[in-house]
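Quick one: structure below, then a few questions.
Quick caveat: nothing in here was measured; it's all calculated off a predicted structure. Residue numbers start at 1 and run along the sequence shown.
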Amino acid sequence: MREAAPAEAFDGVDAIVHLAGESVVGLWTKKKRAAIVDSRVVGTRNLLRGLAESQASPSRFIGASAVGYYGDRGDVALTETSSPGTGFLAETCLAWEAESRRASAMGLQTTILRIGVVLESDGGALGAMLLPFKLCLGGPLGNGEQWWSWIHRDDLVGLILHCLQAPEPPATVNATSPNPVKQKGFAKTLGRVLGRPAILPAPAFAIRTLLGGFSDELLSSKRVLPAAAFESGYNFAYPELEPALIDSVR
């Protein structure tokens, strides 16, 4: 969104859910990095500029962010109060969230969702993994010791609705399952669900050669827990990985 959103786009709008952003999947060329940042930071800025120029008065704003906010943190358990990490996506998330927080200054109840790996077969990390696994070429990424914080798509939608309906929604919510897993465990479970072996690791050097900067997201470790979701009363439909994968790939 290179210009302010048109005022008429907000006619009759009671709440705004803003999830738009260039996919982070793929080789991070200079052009790709710019698109990742601009689609989030500038896009959010222009959305809210359009709202400010309109006569509309929605009451709530739900803005997307990502668990990339936390950077590579090893085995540390991370909640919404944990400090931000370092690196390209962490810095992008910080700037993105700062733009979304402007909605709060405009009088909207504002919630930021830090979204993990969304389980959906038609896109994202899971969609990219399905074909190799089905061809019996699947396995851990790198050494597989990195934590993956995931969420079923139904729970992502559920959390959005929960935050729209809660009398006092949290300011920040980790949109992740309460049970993150190490990547080797994710691969093993996916193989079992598909009835395929999961024994062929993808070496870290090969992933970095093929994907450049994006490889950091696949190989970095983020053990993110949804403390705010629990505290606000949300009940996960898919708290465990295997049922979530079975539903996602059926």
Side-chain angles (χ1 to χ4, degrees), residues 1-10 13 15-54 56 58 60-72 80 84-106 108 110-128 148-151 153 156-157 159-160 163-164 171-176 210-220 222 224:
M1 187 182 297
R2 297 186 177 279
E3 300 178 353
E8 58 269 21
F10 302 101
V13 172
I16 298 170
V17 179
H18 180 48
L19 307 177
E22 171 78 12
S23 172
V24 298
V25 177
L27 187 63
W28 285 359
T29 62
K30 183 178 180 180
K31 182 178 180 180
K32 178 74 169 179
R33 285 175 181 262
I36 289 170
V37 174
D38 290 349
S39 63
R40 288 161 172 75
V41 178
V42 179
T44 303
R45 182 182 305 154
N46 286 336
L47 174 70
L48 292 176
R49 183 158 64 94
L51 175 61
E53 294 171 357
S54 75
R60 300 200 179 192
F61 180 88
I62 308 291
S65 183
V67 296
Y69 171 93
Y70 298 107
D72 188 357
E80 290 83 357
T86 59
F88 171 69
L89 276 190
E91 293 169 4
T92 299
C93 287
L94 273 170
W96 192 10
E97 292 186 16
E99 291 298 331
S100 293
R101 300 289 182 203
R102 293 176 56 242
S104 181
M106 296 168 62
L108 285 75
T110 301
T111 299
I112 305 299
L113 298 177
R114 293 178 183 151
I115 303 170
V117 177
V118 181
L119 300 189
E120 52 180 340
S121 61
D122 55 352
L126 178 59
W148 268 26
S149 298
W150 59 273
I151 186 169
R153 180 163 51 183
L156 176 56
V157 174
L159 275 171
I160 292 170
C163 292
L164 287 173
T172 308
V173 175
N174 286 336
T176 61
L210 290 172
L211 297 178
F214 177 58
S215 64
D216 291 342
E217 285 309 294
L218 299 177
L219 299 171
S220 65
K222 293 175 281 288
V224 182

Heavy-atom pair of closest approach, residues Val25 and Phe214: CA-CZ, 3.8 Å
For Ala35, does its backbone N or O pair with a side-chain atom of Ser39 as donor and acceptor, under 3.5 Å? yes
Are any of the side-chain heavy atoms of Leu19 and Ile160 separated by less than 4.5 Å? yes
Whether the side chain of Thr176 engages the backbone of Ile151 through a donor-acceptor N/O pair (distance < 3.5 Å, no angle test) should be reported. no
Assess the residue pair Thr44 and His18 against the criterion (side chain to side chain donor-acceptor pair (under 3.5 Å)); give the C-alpha distance rounded to whole Å, side-chain angles, the decisive distance to 0.1 Å, and a yes or no. CA-CA 8 Å; Thr44 303; His18 180 48; 3.1 Å; yes
Does the side chain of Thr110 reach to within under 4.5 Å of the side chain of Arg60, using non-hydrogen atoms? no
Specify the closest pair of heavy atoms between Leu113 and Ala175, including all atoms of both residues, with the distance to one decimal. CB-CB, 4.4 Å
All heavy atoms of Cys93 vs all of Gly68, minimum pair found to be SG-C, 4.2 Å
Do Thr92 and Tyr69 have side-chain heavy atoms sitting under 4.5 Å apart? no
Return yes if some donor-acceptor pair links the side-chain N/O of Ser54 with the main-chain N/O of Leu51 below 3.5 Å, else return no. yes
Which atom pair, heavy atoms only, marks the closest approach of Leu48 to Ala103? CD1-N, 3.8 Å
Looking at Glu99 and Arg40, is any side-chain nitrogen of the basic one under 4.0 Å from a carboxylate oxygen of the acidic one? no
Nearest 0.5 angstrom please: Arg102 CZ to Arg45 CZ, how far? 7.5 Å
Heavy atoms only: give me the nearest Leu126-Ser121 pair and the separation to one decimal. CD2-N, 4.4 Å
Trp28 versus Glu217: any side-chain heavy-atom pair under 4.5 Å? yes
Close side-chain approach of Leu218 to Leu211, heavy-atom, < 4.5 Å: yes
Could you tell me whether Arg49 and Glu3 have a side-chain N and a carboxylate O separated by less than 4.0 Å? no
Can you find a pair of side-chain heavy atoms, one from Leu156 and one from Ile115, that are under 4.5 Å apart? yes
Would you say the side-chain atoms of Ser220 pair up with the backbone N or O of Asp72, donor to acceptor, closer than 3.5 Å? no
So, taking the atom named CD1 in Ile112 and the one named OG in Ser65, what distance separates them when rounded to the nearest 0.5 Å? 7.0 Å
Between Asn174 and Tyr70, is the side chain to side chain donor-acceptor pair (under 3.5 Å) condition met? List the steps. CA-CA 11 Å; Asn174 286 336; Tyr70 298 107; 2.7 Å; yes
Does Ile16 form a side-chain contact (heavy atoms from CB on, under 4.5 Å) with Ile62? I'd like the steps, not just the answer. CA-CA 6 Å; Ile16 298 170; Ile62 308 291; over 6 Å; no
Decide yes or no for Ile36 and Phe88: does some side-chain heavy atom of the first lie under 4.5 Å from some side-chain heavy atom of the second? yes
Note: Lys222 and Gly71 closest approach over all heavy atoms is CG-O, 2.8 Å
Any donor-acceptor N or O pair under 3.5 Å, side chains Thr172, Arg101: yes
With salt bridge (charged side-chain N to carboxylate O under 4.0 Å, His left out) as the criterion, how do Arg33 and Asp38 come out once you've worked through the C-alpha distance, each side chain's angles and the decisive distance to 0.1 Å? CA-CA 9 Å; Arg33 285 175 181 262; Asp38 290 349; over 6 Å; no
